[in-house]
Every structure is written in structure tokens, then in C-alpha cells.
Undergrad: 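Here you go, one structure.
Note on naming: letters A, B, ... go to the chains in the order of the sequence lines (proteins, then strands), and numbering restarts at 1 for each one. Here the structure is a predicted model, which means the values were calculated and not measured.
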Number of protein chains: 2
Amino acid sequence: MSGSEVQKPPPLAKALYRARQGDSPCAACDVRHLAVCSALEESDLNELEAILHHTQLSAGDTLFDEGEPSTNVYNLTTGCLKLYKLLPDGRRQVTGFLFAGDFVGLANRDEYIYSAEAVSAITLCRFEKRKLDQLMHDHINFERRLLGMARFELAEAQDQILMLGRKTAMERISSFILMLSERAKRRGDPDNPVGLPMSRNDIGDYLGLTTETVSRTITRLRKSGTISLDTDHKVIINDREALVEIAEGY
Amino acid sequence: MSGSEVQKPPPLAKALYRARQGDSPCAACDVRHLAVCSALEESDLNELEAILHHTQLSAGDTLFDEGEPSTNVYNLTTGCLKLYKLLPDGRRQVTGFLFAGDFVGLANRDEYIYSAEAVSAITLCRFEKRKLDQLMHDHINFERRLLGMARFELAEAQDQILMLGRKTAMERISSFILMLSERAKRRGDPDNPVGLPMSRNDIGDYLGLTTETVSRTITRLRKSGTISLDTDHKVIINDREALVEIAEGY
DNA sequence: CGATACATTGAGGTTTATCAATTTGTGTGG
DNA sequence: CCACACAAATTGATAAACCTCAATGTATCG
């Protein structure tokens, strides 16, 4: 369907860019155009910075657990974070994977309604909800931006529901690879060798399948030539058209 | 878990209430406290009324189809509406059932991302999106209300995703009955003999099951005494505790 | 380089889907 | 109000997709 690869600026350019920006870390943020922060004018960024704390976690670390009071919201700036819910007997449903630029907390009420765990090493901006609410109050664009994000996520949720309710294992895996590819592109990462930072088990818990079914299905896609594996966590899409057809149920 | 039954005002009281309200239909609207309209002051209601059109549909009528330009949004005031998406081979996923007070269109982009069809006879308030956006611009509370609704729906979508990804047929049916009961209560309808206006087929397409599995599962719940059927479309919950335990996966 | 977690592959079982028949419910016209 | 026709729901028998349990292979990280 596409094929053009938008590359992230290489480290050197990035450093120069940052250096040029003066003393506001937010102004130099790589993902500002993707994040909630894009709703604010350059001149209002200091207000945001005043209430923001940078945080980092290693792969496997827990950010918060379902049921905890949701005092903070976050904006992911690097890495991959997974959100999940558990049933009492241990069955797990991963409800989403988040990447750079994604906002964590829109769906949460007074308590977190899911747990969040780092898939890879991650960095995030943490905001106290209380303070952010206050700031939001004075910046209508910020609220508009959040409404826009919520509506977007709602539309994505519909697709996930269709997938879980009616798609076969083959269709789910194909949809998943394409989704990751499209999201990578959207945030300026390469969209063809597409990274799958999460484990097969995590993929299964996201797609409502077992690890084994995920593995077998990827093998089938590989043997058919539609995709190749560079490593277990890097997929080469050989025939995007075919993948789209499978994903959409033709 | 609960049991108290909040009854709708009977028709006579309703008529008197309406008569008392003067010349603003919105001010007398039964579901105003549930709908988006609750975001507006009494004094601003005329603005809303100026851009609103009342509509009604019979059971089975289509409100809009996936892919159409989404020029309107709606607020459902009576009856039940279903939203669904189709795969090319005809597999269908019902992504939601809407009742009085529910808003249609939050998730939609420039084109409707799902089709909408009346389950029962329905009445709705139609708004031209363009005009509503304009009005919204002047009424920050309206936007806040929409953001609140979107966040609420996002949280509900998480539960639906958990259900479709990880719950058994038995757990899905139990969750579904409880959800309908809770929503009925929330809008002031009886929460115990709980109405199921939709067909078994629709339920199946919502829960990612077939008609037959829905039917068999309801039969099992009936034979175990947990529920009874008044008619096919009215369920009596005999043991709510048990139903909750099943629904939550114990 | 070895230990450990992760991924793949295989054999067999379970749940739910599919196909088919029957019963029940609903709405319409006589 | 009843009889009929049609749609919806139920029930049964069989099949398929995916899960479970188990073994083997392969990255990854001290």
C-alpha cells in the first residue's frame, strides 16, 4: 500500500537540533509534534515543564497496576509500553501497546483500569493529574487535543473489537503486523523492516491467542513468503498487498 | 450486588412534566440529564434547539452505513440502536448497543467507521456535525462533556476487549446480561427483569459467538437457575452474585 | 560460554462453529 | 379471534480452529 520509509533523524542531527533549541527541554523534544504537548504554543511550554517530571523504566518494570489510584498521567517519549488487564485465574488481555508520542491515562478513572509494564526500556513525561487538569483548564487547545486523541483511540478500539470478535488467527497476526508498521511510519520510524519489541506471549495476549498459535501463524506467513523474519523481533514485509488482503478478510 | 429498581416516571406524570416546561422541547426532554445536552445551561438550550432535528426510525431501519460521509451526529432519545462493522465475506461484529441518552458519532471520522441500524423503534436528535462543532466552540462545557463521554467509552471498550479476547461463552453471556442491567439502571429503567431488545443473532455478533452458542449458553444459565426467561427478550436475574462471579471469571 | 528465558514444533483434546432439523414466537389477513 | 406464514430460537450431530501439554531448538545476557 505504501513503501516509502520515513527515517528518524540520525543521532548527530538530533543532538545539533537539541543544542539549537535553547533552554527548554520540551521545545527540543523529539516527539513533541506527536504528543499532547503539541497543543501548546511555544510560549506556554514553560507552564507544562513546570509540572512535568521525566521518568525512565527498564524492560519488565511496572509503571502502575490496575486498581491503584490514578494520580499521574504519562506521555511516552521512547520505547514500548504495554497495557493489560487480568482475570482472577490469571488469564491476561493486553489491551494496547504504546510507543513514542502516545499518551497514557485517557481511559483511566480515579483508579487505573489496567496495568502498565515496560516492554523495552522507556522514557516518559509524568504529569500529576491534578496539576494537569488545572493547566488544561486555562488552555482550551489542550482539552481539544485530548478530545481528538480520545476520539481517535475510540475508532481504533472499534477495529480491535472487530479483530477479536470475528477474525481468524491468520487475520489477526496480519492485522497486527500492519498496524505496527503504520504506527511506526506515523511516528517517523521505518515502516518496513517493522520492529516487534514485544514477546510472542504478549502478542498472543493482545490478539486473544496463545503463544503457540502466534508462533505457528507467523511461521505460516513466513513459509508462504508474505513476510520474512530478520530477527524474532524484526519482520520484513515482502508482500504488503497480500498481507492487507489477509488482514481485511478477503 | 444491587437490586434496587429505579422506575421511569409513568406516562401520565411524564406528560404533566412536559406540559409544565413551557415552550422548549429540550427543557422537557426525558433524557436531557443523560445526554450531551446536559452540558448546556437552561438559557443556552435554544441555541442547541436551533440546530437540532428530531428523527424517528422503525426497527430494522438503517441510520447510516460505514463509509458514508459523517455529516451528522445523533443523540438517541428512545429505543435501541446497534452499531456494527462487516468483513468482506459477511462476518459481522456488532461493536455496540446504544440506548436512550447515548451519543452516536464520537468515534467517527470524516466517514462513519461503522453502520448503525435500529433494533427497536427509535427516536433521536440529529445534529449537523458542522453546526455542532461551531456551537461547541462557544461552549467549553460542551466540549468537556464530550471529552468525559469519550473517556468513559474508552474505559468500556477496554472491558469489551478483555471479554472478546479472553472470556468463555458462558462468561461473555453473563457479562452481557449484567452490562445491560447496569445500563438500564443508570438511565432509570428497571434493572431486574432486564430487557434484551436485540435478537440472539445480534447478541452473538456483539459477543463474537454464533446464534447457536448464545442460545445454548442462555439455556444452560436458565437450567442452572441463575436466570429465568420471562419472554425471549426479558431476562429475570435470580442470582446476581452468581452471575457476577461467572462474568468475572472466578 | 553457560544458564535461562523465549520461540518453535508436535500430538491430542476442548470449545465453539457449522450444518441441519425442529420448535416457538410473531405478525397479518381472513 | 384464529389460522397461517415467516422469522427467530432452540436443539442435535459433526467438524474445525485453536488450546493444552510436552519436547526441542534458539536467542540473549551475565
Undergrad: Could you list all N or O pairs between the protein and nucleotides 15-17 of chain C that sit under 3.5 Å apart?
TA:
unit_1	atom_1	unit_2	atom_2	d
C:dT16	OP1	B:Ala169	N	3.0
C:dA17	OP1	B:Gly208	O	3.4
C:dA17	OP2	B:Thr210	N	3.4
C:dA17	OP2	B:Thr210	OG1	3.2
C:dA17	OP2	B:Thr213	OG1	2.5

Undergrad: Scan residues 214-223 of chain B for pairs that pass side chain to side chain donor-acceptor pair (under 3.5 Å), counting only residues two or more places apart or in two chains.
TA: none
Undergrad: Which residues, if any, of residues 86-98 of chain A bring a heavy atom under 4.0 Å of DNA chain D?
TA: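 Nucleic-acid contacts, sorted: none.
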Undergrad: Pairs in or reaching into residues 156-171 of chain A: which pass salt bridge (charged side-chain N to carboxylate O under 4.0 Å, His left out), with residues at least two apart or in two chains?
TA: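 Only A:Asp159-B:Lys85, A:Arg166-B:Asp205, A:Glu171-B:Arg91 qualify under salt bridge (charged side-chain N to carboxylate O under 4.0 Å, His left out).
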Undergrad: Residues from residues 229-239 of chain A sitting under 4.0 Å of DNA chain D, heavy atoms only?
TA: none
Undergrad: Looking at residues at least two apart in the chain, or sitting in another chain, which of them share a salt bridge (Lys or Arg N to Asp or Glu O under 4.0 Å) with A:Glu153?
TA: none
Undergrad: Apply side-chain hydrogen bond (donor to acceptor under 3.5 Å, both in side chains) to B:Asp202 and list each qualifying residue two or more places apart in sequence or on a separate chain.
TA: B:Lys82, B:Arg92
Undergrad: So what is the end-to-end bend of the helix from C:dC1-D:dG30 to C:dG30-D:dC1, with 5 pairs used at each end and the value given to 10 degrees?
TA: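 Overall, the helix from C:dC1-D:dG30 to C:dG30-D:dC1 bends by 50° from one end axis to the other.
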Undergrad: Checking A:Asn238 now: which residues fulfil side-chain hydrogen bond (donor to acceptor under 3.5 Å, both in side chains) with it, not counting sequence neighbours?
TA: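 By the side-chain hydrogen bond (donor to acceptor under 3.5 Å, both in side chains) rule, A:Asn238 matches A:Ser228.
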Undergrad: Contact list please: residues 115-122 of chain B against DNA chain D, heavy atoms, distance less than 4.0 Å, in numerical order.
TA: none
Undergrad: Once salt bridge (Lys or Arg N to Asp or Glu O under 4.0 Å) is applied, do any residues pair with B:Arg126, and if so which ones, sequence neighbours excluded?
TA: none
Undergrad: Please identify each residue that fulfils side-chain hydrogen bond (donor to acceptor under 3.5 Å, both in side chains) with B:Ser174, with sequence neighbours left out.
TA: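 Result, side-chain hydrogen bond (donor to acceptor under 3.5 Å, both in side chains) vs B:Ser174: none returned.
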